[in-house]
Amino acid sequence: MPSELARAVKLVVLDVDGVMTDGGIYYGVSPSGETVELKRFEITDGLGVNLMQRAGIEVAIVTGRRSEVVAMRARELGIEEVHQDPAAEKLPIVRGILQRRNIDWGAVAFLSDDLADMPVLARAALPVAVANAVPEICSVARWRTTRPGGAGAVREFAEALLKARGDWTKVVEEYLEEREERADGSA
Ligand SMILES: [Mg+2]
């Protein structure tokens, strides 16, 4: 990943299905007859998000499906910009984030797997295709993960981005020191 491009990134936008998950949607029915929708998130991606946030990067979620589990996962990760739009109008959503945060397209990375993301990818300075992305997404991507969505793609990207920026060692040390202090405090 080119370090100049990586250093310019202020906003990382994550798609959910096929990027933060393997794309599988589990349907079930509660005892009271309500439909329940479940997704499986990858735990190592969570620390990847945390490390990017530590480096001062805003991480956002923009998805074309509405699901309570996405809101739950976002809260867990401290992600404020969570947008679930069933119409999958991702471009106006990302434009809104950029306006609110005073960020331009030259500072945007977007992780994608499928065609609905194309209008955003075409504008983002760092379009990223996960390993399971469709060929059209791969062809416009400037970087590709070797791991598929839901199996560490976000973590792999976070590590590559932070290493290319020269931030990796610092944020990992900071994270480990915090863990150490907490362990001392509870001893
Ligand atoms: Mg997707």
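Computation of the quantities below employed the complete heavy-atom set of this structure, encompassing side-chain atoms and omitting hydrogens, waters and symmetry-equivalent molecules. Just so you know, ligand 1 is whichever comes first in the structure, and atom 1 is the first atom listed for that ligand. Residues: numbered from 1 along the sequence shown.
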Problem - Donor-acceptor pair, side chain of Arg165 and main chain of Ala6, under 3.5 angstrom - result: yes

Exercise for the section: For salt bridge (charged side-chain N to carboxylate O under 4.0 Å, His left out), just list the numbers for Arg100 and Glu58, CA-CA rounded to whole Å, side-chain angles, deciding distance to a tenth of an Å, and then say yes or no. Expected result: CA-CA 12 Å; Arg100 277 194 299 282; Glu58 186 73 35; over 6 Å; no

Handout entry: 2.8 Å cut-off met by an N, O or S atom of Asp17 to the Mg ion (ligand 1)
Key = yes

Problem - Residues Asp17, Lys39: salt bridge by 4.0 Å N-O rule - result: yes

Handout entry: the Mg ion (ligand 1) to Asp15: nearest N/O/S atom name
Key = OD2

Practice task
Go through the steps to decide whether Lys90 and Asp117 satisfy the test salt bridge (charged side-chain N to carboxylate O under 4.0 Å, His left out), and finish with yes or no.
Solution key: CA-CA 7 Å; Lys90 297 189 181 188; Asp117 303 329; 2.5 Å; yes

Practice task
Output yes if Asp113 passes the N/O/S-under-2.8 Å test against the Mg ion (ligand 1); output no otherwise.
Solution key: yes

